[in-house]
Each structure stands twice: as structure tokens, then as C-alpha cells.
2 protein chains.
Amino acid sequence: MPRGTKGFKRVTTVDSLGAAITESILSCSYVPGEWFREEEMAAEYGVSRHTLRAALAELVQQGLLHKEPFRGVFVPRLTETDTNDLYRARAVFELEAARVLAQRGTVGTAALDALALFENLKPESPWSRVVEADTAFHRALIDELGSPRLSTLYSNLLTEFKLCLLYSPIPNDYPVSVIAKHRALVESITRGDPEEAVARFRFHIEDSKRLLIARYATVTTTDNAKGYAGRSGAPSMPAPAG
Amino acid sequence: MPRGTKGFKRVTTVDSLGAAITESILSCSYVPGEWFREEEMAAEYGVSRHTLRAALAELVQQGLLHKEPFRGVFVPRLTETDTNDLYRARAVFELEAARVLAQRGTVGTAALDALALFENLKPESPWSRVVEADTAFHRALIDELGSPRLSTLYSNLLTEFKLCLLYSPIPNDYPVSVIAKHRALVESITRGDPEEAVARFRFHIEDSKRLLIARYATVTTTDNAKGYAGRSGAPSMPAPAG
DNA sequence: TCATGGTGATTGTTACACAATGTATCTTGA
DNA sequence: TCAAGATACATTGTGTAACAATCACCATGA
């Protein structure tokens, strides 16, 4: 095994464990508000508590999980405030991308590839796949800016945002309508007018936000049968808001 | 001790340790490229290796430290590429702040307070204090946007950026000239013209970047006597770039 | 000179134990 | 009946010790 191999990252247990848990969460294996018992979970994944805690700590910092000292780690219960803030923060990145890419007059190949994947998605694909395809397009736009730090920061936002989408009621026209909107965004960029592209992106973001929040309003409150109540009774779990 | 006290965060050893190490780093107690030996450092701070590793992992995620699997944790050696990227990413946040705050026509009290603190800084204040005062002003501008996530993300950028400033040659006119520039930024916002404010901010950012990089060019390479070489010899430590 | 393998040091991971804290239950008193 | 305090239990936070995995260095030999 060559020692100075460039770009080769040795995988540690913590890293692959973190990836596995992330995968689990983004596959809707858990319910908002659900509580992660360390011992139980460590046994499930066949690792020690220290390793599990290290992996969870990473996900907590990414915003994918919520932690309260001496109480535990929970799947976030994202509120309307969180959704608004996520859109608010995302807008800053996306509008920048719209501006810069419109000046270039192209969205880049990665975004087009992502859009193509989105379009080729089977109708029977699970909801998590749809969400993944949707966000991949937006991620590609930001990556096109060429800034590692902007990409990382945006990626964190997007991870958290996926939770919003994953746990929201699924609209039956979702793939079709969103694909059309994404195509329109691409078009607004290739047209080459930054001002107009920014305006269109701004509208798209506001529109998406409105639709998502409206969908949340259709259900009373997200059910969480497997929530913290499983601990022993049904303690009053204040909804952690970020 | 009341049990349901709102907003009260119980401090854990990991948290306070992380804060202490951050403080140490931002006080220039270490040298770029310096290597943190776990056992030694754990003994210094009087904690176990696990606790130290948890604290370091947090700082690594914030970009304040650099980690390589099975090799250890290092104080980052920020390159010109990193400096450019940090300014690139910061610009996205700062220009957004300029735009929004100019529409409001005010920078907010926190920014004014930060500026006042900067102006009252004693000439004999350590360099780290100057950097702190400088960045506090910018942080206040972003906080004024009222988005928790934007504040958090920008805060991470700023933490990393402080390293750039801390380890750069100190210009003798620093406090005076930068205070003047900050005042000009405030003025451009209170004037109430978003377009102009953005333009001025953009110029300020480009100007700062140019000056900082030029300063770096004056020294050959940052000396790091206490670097990784202390391990046993002087192994070829590839400069970790982010 | 260069590849090869050995050696010591350091990080990654585990197991176990205990302290600190949160939650629920029970007790007490008005 | 109900509020307030004491108690018990479960869980998280931290420490200690040990071992495995890996890295950097060094010696050997062709």
C-alpha cells in the first residue's frame, strides 16, 4: 500500500458509521423527534459507545441531528421558523450562483447532468430519491462557483433542508412541476442576463417556500409514534428548533 | 438548581475544553503546521484522550484545525488559495448584508458598538485583540440579518479567517486605516442606496484581500520551529490546504 | 541507488467503570 | 386535591486501561 497516495482518505470506523447513519436518516428510517439511545444504537451498528458518539457529534454539527446535553441526540423537529430560515440562507447562495452563472451564460455540465437524472427518475422511485435528485441540481449550481467553502457550507444547509422535504407531505405533482421549474431556471441563466436570472431565482425560491409551508399546514402535527416517549412515559419534549 | 431553566446550557468538559483550545489558538499560542499530540495535550489540560478528541473534532469541523486520519491534528497552514477562497465566501455574506442593511438604512446597534470598541482599542493591545475587534464588526453586520443559520455559517468562516490575519505580518497602520474603512462602510449603508453600498463593500473586500496577500508575499514562508518535526525527525509534511 | 521489511510511536477503537444529570415516582404536608 | 421536596432509576458524560491499525523512520540487502 503506497504511503503518499494523494487524495486517498483512509476510512475510519467513525466516518463510515457517520455515513451509514446519514443514509439511514435520509431514507426516512426515523421519525422527527425520535431519540437515539447510545447504548442501543451502538449495539445495533456493532461499535463502541465512544465511536458512536463521535459519529453522532459530527452529524450534530452538520445540523442533521439535534443534541441536548445530558438528554441525548434527536432527529430534528423542523418548525416553520426553521424552514423559513433555511430558505433565507439558501437564497443567499442561490442568488449568488444565479448572478455569476448568468454572467457566464451557462449552468455547467454537472447541473445539466443532475437535471437529466431528475428527469429520468422512475415514477415508482422512493420519495427520498426524488428529494436527492432535486437537491443535487441545486448543489451542482453552487459547486459551479468553484469555491470549496461555499460548497461545504451550502451542502450543510442542503442536508438539513432535505429533512424538511423528506418529512413533508408528498405532493402528487412533485417531480413533474419541479423539473419544469428547474428547466426554467437553467433557461434564465443561459439567457445571460444576471439581473433577470436573479429575479427569477428569487421568485422560484419564494414560491417553493410558500408551497412547502402550505403543505405542512395541511397536516396537524407530524406524528412521532416512536418519539422520546419510548423512554418510559411521555415526558414533555420541547420541540428542539435548531 | 431549577430543572427546566430555559436557555440554560449545561457546560460539559468537551465544550469548555473546546473553548479553551480555541482561545489558545486565537491567541497565537501555536504556530501554523504545529502538531497536536493527543496524549501530551490531554495531560496538559487534565482530561482524557477521549474528551480531548471530541473537543478537537469539533474545532476541526469549524475549520479551526486540520486533521488527517491516523496522522493527527494540526494548526492549518493557510495558503494564498485559502485566503482567496475565504474572501470569496465571505463576500457572498457581506454583500447580502450590505444590500439588506442599506435598504433599511441602518447597520444596527451591535455593529456600531463593535466599531466603538474597535476605536477605543489601546495601541498596546495585542494583535489578537485587534483581529477580534475587526472581525466582531463584520460579524455584527451579518447577525443583523437575523438568520441563525447565516450567522453560524459566517461565524465559521470568520473563525478560519482570523487565522489568516493572526499569522500574517502586522502592518503598522492597521487599526487606524481599517477603522476608517469600517466607518466608510457604515456610512455607505446609512446613505440608504443598496446598489452603491454593495459596490463599496465589493471594493473594500477586494482591497482587503489584495493588501493581505501582498503582506504575505513580504515574508518567505511562515516559520514553524515547533512544527511536526518535533515528532522525531523532520518528515516531509505536505502543507494541508483546507 | 532503490526496494524491502522491521521497529517504535501515535492514532483509532474497544471494554468497563463511575460520576453527573435528567426524568419519573413516591412521599409529605397544607 | 394538589404542590413541593426527596428518592430511585435510566441515560449521558468522562476516565482508565488495553489493544489494533497505521504512520514515519531506519536498517538491510540486492
Side-chain angles (χ1 to χ4, degrees), chain A residues 1-6 8-20 33-60 65-74 227-238 240, chain B residues 1-20 33-58 60 65-74 227-238 240:
Chain A
M1 213 169 304
R3 277 182 284 177
T5 313
K6 264 189 194 168
F8 185 77
K9 284 269 183 189
R10 233 159 248 317
V11 285
T12 65
T13 306
V14 172
D15 285 339
S16 50
L17 176 61
E34 186 163 350
W35 171 44
F36 284 2
R37 222 175 308 195
E38 292 185 355
E39 209 158 359
E40 180 183 313
M41 203 163 185
E44 266 179 42
Y45 284 95
V47 298
S48 77
R49 260 185 73 210
H50 282 298
T51 302
L52 177 76
R53 283 166 63 85
L56 291 183
E58 204 163 322
L59 303 190
V60 166
L65 287 172
H66 177 78
K67 172 171 188 170
E68 296 182 37
F70 295 102
R71 298 234 303 143
V73 171
F74 307 83
Y228 190 74
R231 189 159 180 168
S232 81
S236 61
M237 258 292 294
Chain B
M1 213 167 304
R3 279 181 285 177
T5 313
K6 262 189 196 170
F8 185 78
K9 285 270 182 185
R10 238 162 244 315
V11 285
T12 65
T13 305
V14 171
D15 285 338
S16 50
L17 176 61
E34 185 163 351
W35 171 45
F36 285 2
R37 221 174 311 193
E38 292 185 356
E39 208 158 0
E40 179 183 314
M41 204 163 185
E44 267 179 40
Y45 284 96
V47 298
S48 79
R49 260 184 74 208
H50 283 299
T51 302
L52 178 76
R53 282 166 64 86
L56 291 183
E58 204 163 323
V60 166
L65 286 172
H66 177 78
K67 173 171 187 170
E68 296 182 38
F70 295 102
R71 298 234 303 141
V73 171
F74 308 82
Y228 189 74
R231 191 159 177 169
S232 80
S236 61
M237 257 291 293

Would you please test A/E58 and A/D15 for side chain to side chain contact (heavy atoms under 4.5 Å, CB included) and show each step?
-> CA-CA 9 Å; A/E58 204 163 322; A/D15 285 339; 4.1 Å; yes

Heavy-atom contacts under 4.0 Å between residues 38-59 of chain A and DNA chain D, which residues?
-> A/E38, A/R49, A/H50, A/R53

Are B/T13 and D/dG13 close enough that a side-chain N or O sits under 4.0 Å from OP1 or OP2?
-> no

When the distance from CD of B/E68 to C1' of D/dC23 is rounded to whole Å, what number comes out?
-> 11 Å

Would you give the length of the straight line joining atom CZ of A/F36 to atom CG of A/L65, rounded to the nearest 0.5 angstrom?
-> 5.0 Å

Run through B/T51, B/T12, B/L56 and flag the one making a side-chain contact (heavy atoms from CB on, under 4.5 Å) with B/L17.
-> B/T51

Report the distance from atom CZ of A/F70 to atom P of C/dT21, rounded to the nearest whole Å.
-> 5 Å

Atom pair distance, as rounded to whole Å: CZ in B/F74 and P in D/dC23 = 12 Å

Are OP1 or OP2 of C/dT10 and a side-chain N or O of B/R37 less than 4.0 angstrom apart?
-> yes

Taking only N and O in the side chain of A/W35, is any of them less than 4.0 Å away from OP1 or OP2 of D/dA10?
-> no

Separation of D/dG13 atom C1' from B/D15 atom CG, nearest Å, is 11 Å

B/R71 has an atom CZ; how far is it from atom C1' of D/dA21, in whole Å?
-> 16 Å

Can you tell me how far the NE2 atom of A/H66 sits from the CZ atom of A/R71, to the nearest 0.5 Å?
-> 8.0 Å

Can you sort out the partners of B/E39 under salt bridge (Lys or Arg N to Asp or Glu O under 4.0 Å), two or more places apart, ordered by chain and number?
-> none

In terms of ring plane angle, is the pair A/H50 and B/H50 parallel, tilted or perpendicular, where the classes change at 30° and 60°?
-> parallel

